[in-house]
Protein chains: 2
Amino acid sequence: MLKRGLERGEVLRALGEVFRAHGYEGASLTLITEATGLGKGSLYHLFPGGKEQMAAEVLAEIDGWFERHIFAPLRTADDPARAIAAMIAGVDQYFHSGDRVCLVGMVALGSARDSFAEAVDGYFARWQTALASLLRRSGLTNSQAQRRAEDALLTIQGALVLARARGDAKIFRRALSDLTARLLAPPA
Amino acid sequence: MLKRGLERGEVLRALGEVFRAHGYEGASLTLITEATGLGKGSLYHLFPGGKEQMAAEVLAEIDGWFERHIFAPLRTADDPARAIAAMIAGVDQYFHSGDRVCLVGMVALGSARDSFAEAVDGYFARWQTALASLLRRSGLTNSQAQRRAEDALLTIQGALVLARARGDAKIFRRALSDLTARLLAPPA
DNA sequence: GGAAGATTGTACCGATCGGTACAGAGAGTC
DNA sequence: GACTCTCTGTACCGATCGGTACAATCTTCC
C-alpha cells in the first residue's frame, strides 16, 4: 500500500501533469519527486522501468480515459447528434477548455516519439475509427466518415497548439464549436 | 568570417533541424556541435547568449522566411484565389509535405514557451492578420475573415501533429487540400 | 513480540548538461 | 615578418541528469 493512501492512479495523474508541463525530456526526476511527493526510492519501487515506464503508464492511463469516456460511447451510440455533442463536451472537459495541453500530441512532436510510437498511433487510430463508425451510421460513406473523423482529430490538436501559442483558450472553444457544426453537416 | 565559408544562415538552418528533431531542451550542445560541425568555441563566439540565443535566432529566421514568402504576399495580393494557392504551396514546401514539424508550434507546447512567448505569439498573430486582410478583400466581413484565418492556422498545426503522430504525411496533404477549398468558399 | 515483506529516504554512481577560460591557429594589414 | 583581430579546439567547471544500493522504517500476519 502507498503512503498516505496515495493510489497509483493519483501518482499517474501527477506524473501526467509534470510531463505535460515539461515534456518527456524536460521532466526531470527532481521535478517528478516534487510533483508526486515521492522520493526516488518509492518512484523506482513503483516503476522499476524508470522514466520510460512512467511515461508509458501515463499514456496508457490517458488512453484508458478516452477509451471509456470518448471512444466506447462513440461506438455504441445510436443518436449521432447527441454522441457528437457528448464527444465534444468530453474533449472540452478533458483539455480544460484549452488550458491543458495534449500529452499524446506533445510526445508525437518530440524526440521521445519513437519510444512511444505504437501508443501514440493507437490512440489516434482508435479515436478516428470510433468516430468514423458513428459518422457512417449517420449516413456518410466510409471514406467521407474517415476523412471527417481525421479532420476532427486534427482540428482538436491544432486548436490546442494555437491556443497555447497565442495564450488564448477561447481559440480552443471556438474551434470545438465550429467542429461540432462541421461534424453534423449533411454529406457533401 | 566562418571556417569553410559556412554562413550564419547555414548554421541557423542546421540549428533549426536539431531543435526540430529534439526540441529545445533535448537539443544538447553535443548534438548541436555534431549537426553544425562547429565546436563549442565557435558556437559561443557566434552566439554569446548560448542556447537561448541560438533558439531565438532560429525562430527569428523562420519568422523571416514566412514574412517574405507567406505573410507579405498575402498582404499585397489582389487575386485571392491565387494568393491562397500560393500560401498553401509555400506551406507545403516549407513543411516538406508533412515530413517536417513546425518548430514554432513545438516551442509553444514545450516548457520553453515562456522564454519565447513573444516570438511565438507574434508569428501566428502576423500570419493570421495577413491572411485575414486578404480574406476581407475577397468579400468576407472582418470577423468572418479573422475566424477563417484562425481556422487555417489551426488546421495546419493540427495536420502536422496528426501526420507526425500517425507517421503518415498524406494526412498533411489532404488537410491542405481541404483547407484550400474552405478558404475559397463563399461567405456563409 | 517477532519474522517477513513492502515501502521509504539518503547517499552515491558515472555520464552528461550548459557554459567558461584560454592558448593558439588563421587571415588581413602594414 | 610582426602586429592585430577574428575565430576555433580543448580542457575544464559546477550542476544536474537518470539510475542504483542499501539500510532503516513501516505493515501485516502469526
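Mapped onto DNA chain D by nearest heavy atom, B:Gly41 and A:Gly50 fall at different nucleotides, with B:Gly41 at the one closer to the 5' end.
Separating the CE atom of B:Met54 from the P atom of C:dG18 is a distance of 9 Å, rounded to the nearest angstrom. Rounded to whole angstrom, the span from the CG atom of B:Leu43 across to the P atom of C:dC22 amounts to 20 Å. Distance, A:Leu38 CG to C:dT10 P: 13 Å, rounded to whole Å. Remark: P of C:dA6 and CG of A:Leu46 are 13 Å apart, rounded to the nearest angstrom. At whole-Å resolution of the value, NZ in A:Lys40 and C1' in C:dC12 are 9 Å apart. Separating the OH atom of A:Tyr44 from the P atom of D:dG19 is a distance of 3 Å, rounded to the nearest angstrom. In this entry the distance linking CD of A:Gln53 with C1' of D:dG19 reads 14 Å, nearest Å.
Pairs of residues two or more places apart, or lying in two chains, that qualify as side chain to side chain donor-acceptor pair (under 3.5 Å) and include a residue from residues 157-167 of chain B are A:Asp121-B:Arg166, A:Gln128-B:Arg166. Legend: salt bridge (Lys or Arg N to Asp or Glu O under 4.0 Å) pairs involving residues 86-101 of chain A, not counting sequence neighbours, sorted by first then second residue: A:Glu17-A:Arg100. Sorted by first and then second residue, the salt bridge (Lys or Arg N to Asp or Glu O under 4.0 Å) pairs involving residues 24-51 of chain B (not counting sequence neighbours) form an empty list.
Contact annotation: B:His45 reaches the phosphate of D:dC7 (side-chain N/O to OP1 or OP2, under 4.0 Å).
Partners of A:Glu52 under the side chain to side chain donor-acceptor pair (under 3.5 Å) rule, at least two apart in sequence or in another chain, do not exist in this structure. Contacts of B:Arg182 classified as salt bridge (Lys or Arg N to Asp or Glu O under 4.0 Å), with partners at least two apart in sequence or in another chain: A:Asp151, B:Asp151.
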Where do N or O atoms of nucleotides 14-17 of chain D meet protein N or O atoms at under 3.5 Å, pair by pair?
{"residue": "D:dC17", "atom": "OP1", "partner": "A:Ser28", "partner atom": "OG", "Å": "3.1"}
{"residue": "D:dC17", "atom": "OP2", "partner": "A:Thr30", "partner atom": "OG1", "Å": "2.9"}

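Under 4.0 Å is where a charged nitrogen must lie from a carboxylate oxygen, and between A:Glu61 and A:Arg8 no such pair does.
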